[in-house]
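Below is one structure, written out as C-alpha cells, with a few remarks after it.
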Amino acid sequence: NIPSPENVTYLYLYNTGTSITGTITGMELTYLYLYGTGTAIDGVPPAIGKTLSLFRILGGTSYDYPWTSQTFDSATKRTWTDTTMSIDCVAAAPTPAQFNTWLLGLASVSNAGTATLTLKNTPTVDDLTAAGLIGAGSGYYAMTTTLGYTLTLGE
C-alpha cells in the first residue's frame, strides 16, 4: 500500500533508472534524498521553506534542478545545519541575477545558522561580484553576512 501523497513525509529514491521526470507535488516532505537516479531529474521539489528540512541529491551525472521554479513559503523558517542542507546537483547554471533571486528566496525562509551550504553548478563568487550581487541587499549578503552561512558555490 502506498499512502496518499499528502501523507508522505520522507522520499528516498535509489537507482531508479535512467531518468525521473515530473513534479514532486502533493507531499508534505521533510526529507528528500535522491541517489543514483540516472541521468536526469526534471521537476520542482516541494517548497523548501514550507516543509523540507533535508534535500540531498547524489550520485548522478546530470540533474536538471529548476532553480528559478523553486517556491519559498515563509510561514516556517528553517535553520540549516551541517547535516540538514545540501543542494548537490548538476544542472544548467542560472544567471547571476536568477541565482541572486533564488538566494534571496532561500534567505527569506532561513533562520541564522552556521552550516556550509554546498550549491553546485551555480555562478561563482567572482561571477556574483562582477554582476554587483555581493553587497547589501543581495542574496549572497543575506545568506552569508546577515544569516551567517558559508556558501560553497559553482563547483
To the nearest 0.5 Å, what is the distance between [atom1] ([X]) and [atom2] ([Y])?
X	Y	atom1	atom2	answer
Met143	Leu153	CE	CG	10.0 Å
Trp102	Thr122	CH2	OG1	9.0 Å
Leu128	Leu133	CG	CG	6.0 Å
Tyr149	Thr114	OH	OG1	7.5 Å
Phe99	Asp127	CZ	CG	10.5 Å

Checklist entry - Quick one: which of Leu103, Leu117, Leu151 gives a side chain to side chain contact (heavy atoms under 4.5 Å, CB included) with Thr144? => result Leu151
For the student: nearest non-hydrogen atoms of [X] and [Y], plus distance:
X	Y	answer
Thr79	Ala112	CG2-O, 3.4 Å
Ala142	Ala107	CB-CB, 3.7 Å
Ser108	Phe72	OG-CB, 4.3 Å
Thr116	Thr152	CG2-OG1, 3.6 Å

Next on the checklist: In this structure, would Leu147 and Val109 fall into the same cluster of hydrophobic residues linked by side-chain contacts under 4.5 Å?
Outcome noted: yes
Next on the checklist: Would Thr146 and Tyr141 count as a side-chain contact (heavy atoms from CB on, under 4.5 Å) here? Give the steps.
Outcome noted: CA-CA 7 Å; Thr146 304; Tyr141 185 91; 3.7 Å; yes
